[in-house]
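Here the structure comes first, spelled out in structure tokens, and everything after it is commentary.
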Amino acid sequence: MKDVVIRSSGRYLPEKVFTNDHFARFLDTSDEWIQERTGIRERRFAAPEERNSDMGTKAAQQCLERAGVDASEVDLIICATVTGDRIFPATANFIQENLGNRTAWAFDVNAACGGFIYALSLAYGMLASGVNRRALVIGSEKMTSILDFTDRSTCVLFGDGAGAVLLEAVEPADNPEGYGLRNFVLGADGSLAYKLWQPDGGSVNPPNPDSLARHGHYIHMSGREVYVNAVRTMNAIVEDVIAQAGLTPEQIDWFVPHQANKRIIDSVRERLKMPEERFVVNIDRYGNTTSGTIPIGIDELYTENKLATGQHVVLMTFGAGFTWGAVYLKWGDPLAAG
Ligand code: ACO
């Protein structure tokens with residue numbers, strides 16, 4: 001087995017900012033309610049002509065530039081998304097085309113807010129087993145394409161954006177400190193699939209006038225039930241992955257949680273008795289970017305020079321499916337020059 005390290009990261013957020021007051025103009029809601037119940041102050045919405053694959057490409061290009069790796073040197077591209085450009089082919093293929101790569105195998109992972117952790121774990125498996133050498137793992141969402149702007153309980157929660165990481169396999173002998181991705185806790189419970197879903201648009205109910213009339217091609221969510229399950233599951237998986245790593249919560253330098261609701265993040269943090277400074281939070285500025293939240297969070301740490309070699313990092317998520325996942329990694333790049 002090879003070790004698998006994160007070489008670099010990148011992110012892209014659309015330019016246009018929408019504050020909570022924007023929604024209060026046409027919905028029965030308020031800045032006060034949204035901030036208090038979710039922690040969101042504002043989010044970014046992509047321009048109509050801006051595609052999911054455009055955002056994913058920009059995040060991926062930044063990632064490659066920072067690592068000094070040419071797109072042609074990547075042999076696996078995975079895009080986690082539930083808002084791909086088209087049902088098929090995969091958005092990963094459009095990103096591949098934009099990057100000018102003609103050889104990698106490329107596909108999408110559909111696991112909603114669990115998507116990036118699922119994609120990262122899959123890429124780990126391919127690199128650790130020696131099948132591939134370098135992987136781009138992207139989380140990219142144009143959530144505005146499936147938001148019902150007449151439903152105050154969902155449309156205020158989400159935003160558009162993308163993040164990416166570049167993974168590379170290294171020989172354990174060249175990585176004596178054991179940097180890279182180390183422990184994984186993944187799961188799903190399909191019995192709860194209908195608690196958070198997009199009812200129409202697939203083959204059971206292809207788009208038709210009825211589905212448009214009942215807003216079936218938008219997100220439908222039982223918010224309370226998702227909330228309760230998210231808190232319970234995130235608490236369990238974060239404890240599990242830290243125990244698997246043979247560490248204690250106090251030894252974890254950075255937690256990068258999925259950003260669905262600041263109250264969910266706080267409840268996990270409080271149970272672990274961790275200070276706010278160790279938790280990456282961007283929901284206030286970007287809302288829930290679904291597959292984008294975790295790679296965007298990693299990139300914020302990366303570009304703000306907050307990640308020091310040898311630090312312990314835990315990523316964790318929960319989303320539609322229900323899907324969940326937590327990853328422990330030791331930050332460091334044995335391949336970096338100097
Ligand atoms: N403004 C004002 N009032 C609102 C709004 C709003 N934007 N949204 C809902 N309300 C109202 C409800 O209608 C309800 O009113 P009622 O009592 O008159 O019926 C009241 O507020 C309370 O509603 P709850 O749903 O109980 O509110 P809650 O405090 O649970 O917050 C929320 C709702 C924010 C959706 C929360 O349940 C939540 O964050 N759920 C989890 C979301 C999540 O984790 N998603 C997973 C990832 S997404 C993915 O995978 C794609």
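This chain uses plain numbering: 1 for the first residue, then up along the sequence. Atoms within each ligand, like the ligands themselves, are counted from 1 in listed order.
Using cut-offs of 30° and 60° for the angle between ring planes, the W331 and Y302 rings count as perpendicular.
Protein residues with a heavy atom closer than 4.0 Å to ligand 1 are D28, T29, W33, R37, T38, A112, C113, R152, S153, V156, L157, F158, L196, M221, G223, R224, V226, Y227, H258, A260, N261, R263, I264, N288, G319, A320, listed by chain and number.
No option in R44, Q62, E50, Q61 other than E50 meets the side chain to side chain donor-acceptor pair (under 3.5 Å) test with Y12.
A ring-centre distance under 6.0 Å is found for H312 and Y328.
For E15, the CD atom counts as loosely surrounded, since its 6.0 Å shell holds 12 or fewer non-hydrogen atoms of other residues, nucleotides or ligands.
Applying the salt bridge (charged side-chain N to carboxylate O under 4.0 Å, His left out) test to pairs two or more places apart or on separate chains, those with a residue in residues 21-34 are D28-R152.
Q259 and N288 share no donor-acceptor pair across their side chains, judged by distance under 3.5 Å alone.
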